[in-house]
Amino acid sequence: MGNLKIFTRAFIKENPVFILLLGLCPALGVTTSAGNGLGMGLATTFVLVMSNIVVSIIKSQIPNKVRIPSFIVVIASFVTIVSLVMEAFMPALFDALGLFIPLIVVNCLVMGRAEAFASKNNTFKAIIDGMGMGLGFTLALTLLGGLREILGAGAIFGLTIFEGDGMLVFVLAPGAFIGLGYLIAINNILKKTTEN
Amino acid sequence: MEYIVIIIGAIFVNNIVLAQFLGICPYIGVSSKVSTSIGMSGAVMFVMTLATIVTYLIYNYVLVPFDVTYLQTISYILVIASLVQMVEIVLKKVSPPLYQALGIFLPLIVTNCAILGVTILAVRPDFDYTLIQGVVFAIANAIGFALAIILFAGIREHLDMVDVPKDMRGAPAAFVVAGIMALAFMGFTGIV
């Protein structure tokens with residue numbers, strides 16, 4: 001598989017959220033606005049790329065039996081770094097994302113890429129895969145956050161688009177599920193048209 | 001009274017799946033049949049309760065006294081992973097029928113964010129729970145998870161027979177149904 005293909009497949013064809021249904025908890029939990037979705041996506045991308053790099057470097061050193069616990073330790077270390085850095089430099093975003101920052105550890109996307117890709121490929125490919133998957137995840141979160149922000153609050157990235165009250169339900173929990181359902185359906189249609 | 005508030009709050013008002021978005025992966029992944037969702041709920045309840053007890057003790061008697069609370073994430077996930085492994089080995093020896101019922105769900109639980117989420121929430125300073133309250137909180141959250149996933153599985157079994165538009169079939173329709181369920185649970189807002 002070419003490097004470009006590894007990079008771009010995560011956007012529509014193998015989008016982690018819309019197609020693989022990985023990392024759904026943060027995808028639903030933090031996307032009350034496009035900004036939060038973007039922040040969460042970039043934080044996850046960082047963890048994903050860094051853990052992919054480390055896992056692909058140490059893959060031949062770790063015995064097969066303890067590989068999953070070792071991956072978890074690597075991932076958890078980078079999550080702790082992200083969490084401390086974000087708390088220091090972006091306290092507002094840190095408060096908005098809250099519990100979902102430590103929960104990047106159990107984001108099945110990060111673990112899934114370490115196990116399925118980084119532990120079998122060289123470091124360069126692992127970086128590309130991490131970037132692609134991370135940005136695909138970011139794209140999905142920003143789209144869902146943007147959709148919910150526009151419909152729920154009439155704004156995008158905090159800029160007002162229309163005045164008055166939006167549909168509050170889209171800012172609250174049910175809107176996350178319904179919005180994601182329709183985005184997956186749209187992505188299915190896109191996938192079909194690009195394949196034909 | 002405070003226990004009732006914790007229980008009602010965790011099951012209905014702040015339902016772990018439908019209001020807090022934790023444990024969505026098993027909620028979508030193993031909810032195609034009612035029987036498997038019951039097995040998953042049992043495994044979650046078992047591990048969530050045990051993990052909360054262990055991590056509560058570790059947080060308050062190891063991490064806080066040594067002032068290393070920034071190791072919370074990394075130590076919790078290791079504790080949960082080894083706990084799940086241990087539970088699997090013990091169950092296999094002690095109670096084969098229970099192992100038969102829960103066995104295949106146990107490895108999946110390590111990456112169930114509901115477990116890590118609840119163990120982190122149970123020691124949050126603004127809750128200030130005692131150990132007993134923490135355990136009650138964990139059990140109530142597990143019941144909330146069970147309620148949400150079993151109801152959802154019941155709906156999904158019927159959803160397979162319904163004529164939904166082609167591009168909405170499968171995951172998209174399931175998410176819309178989950179949204180409607182979350183809407184129903186929002187009706188409990190404000191009762192405690």
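By convention in this document, chain letters (A, B, ...) are assigned in the order of the sequence lines, proteins followed by strands, and residues within each chain are numbered from 1. Only heavy atoms go into these numbers, but all of them, side chains included; no hydrogens, no water, no symmetry mates.
Only the side chain of A:Val169 comes within less than 4.5 Å of a heavy atom in chain B; its backbone stays farther off. Looking at B:Ala178, both its backbone and its side chain come within 4.5 Å of chain A, counting heavy atoms on both sides. Interface residue A:Leu99: only side-chain heavy atoms are found under 4.5 Å from chain B. Using a 4.5 Å cut-off between heavy atoms, B:Gln85 does not touch chain A at all. Contact annotation for A:Leu172: only side-chain heavy atoms (C-beta onward) come within less than 4.5 Å of a heavy atom of chain B. When heavy atoms are compared at a cutoff of 4.5 Å, A:Val73 approaches chain B by way of both its backbone and its side chain.
Under the 4.5 Å side-chain criterion, counting only non-hydrogen atoms from C-beta, A:Phe177 is not in contact with B:Ile28. Residues B:Phe175 and A:Leu21 have side chains in contact (heavy-atom distance under 4.5 Å, counting atoms from C-beta outward). Contact of the A:Lys192 side chain with the B:Asp167 side chain is registered, since non-hydrogen atoms from C-beta on lie closer than 4.5 Å. With a 4.5 Å cut-off on side-chain heavy atoms, A:Ser77 and B:Ile74 count as touching. Proximity of B:Leu22 to A:Phe100: side-chain heavy atoms (C-beta onward) are separated by under 4.5 Å at one or more points. Between B:Met186 and A:Pro174 there is a side-chain heavy-atom pair separated by less than 4.5 Å.
Top candidate by heavy-atom pairs under 4.5 Å with chain A, chosen from B:Gly117, B:Ser82, B:Ala19, is B:Gly117. Chain A forms more heavy-atom pairs under 4.5 Å with one residue of B:Ile115, B:Leu116, B:Ile80, B:Leu71 than with any other, namely B:Leu116.
When all heavy atoms of B:Cys25 and A:Cys25 are compared, the pair lying nearest together is N-SG, 4.3 Å. Across all non-hydrogen atoms, the minimal contact from A:Gly29 to B:Phe21 is CA-CD1, 3.3 Å. The shortest non-hydrogen separation linking A:Ala173 to B:Leu18 is CB-O, 3.2 Å.
Hydrophobic cluster membership for A:Ile178: A:Tyr182, B:Met168, B:Val176, B:Ile180 (Ile, Leu, Val, Met, Phe, Trp, Tyr linked by side-chain heavy atoms under 4.5 Å, directly or transitively).
Heavy-atom neighbours of B:Lys33 NZ from other residues, nucleotides or ligands within 6.0 Å: at or below the threshold of 12. Within 6.0 Å of CG in B:Asp67 there are 12 or fewer heavy atoms belonging to other residues, nucleotides or ligands. Within a 6.0 Å sphere centred on OH of B:Tyr3, heavy atoms belonging to other residues, nucleotides or ligands number more than 12.
Hydrophobic cluster membership is shared by B:Val54 and B:Phe46, with clusters built from Ile, Leu, Val, Met, Phe, Trp and Tyr side chains linked at under 4.5 angstrom. In the hydrophobic clustering of ILVMFWY residues, with side-chain heavy atoms under 4.5 Å counting as a link, B:Ile150 and B:Tyr27 come out together. Note on B:Tyr61 and B:Leu131: same hydrophobic cluster, where clusters join Ile, Leu, Val, Met, Phe, Trp and Tyr whose side-chain heavy atoms are under 4.5 Å apart, directly or indirectly. Following chains of ILVMFWY side-chain contacts shorter than 4.5 Å, one can reach B:Leu57 starting from B:Phe66, so the two form part of one hydrophobic cluster. Residues A:Leu143 and A:Met167 are members of one and the same hydrophobic cluster, defined by side-chain heavy-atom contacts under 4.5 angstrom among Ile, Leu, Val, Met, Phe, Trp and Tyr.
Here A:Leu103 contributes atom CG and B:Thr73 contributes atom OG1; the two are 8.5 Å apart, rounded to the nearest 0.5 Å.
Within residues 85-92 of chain A, no residue approaches chain B closer than 4.5 Å by heavy atoms.
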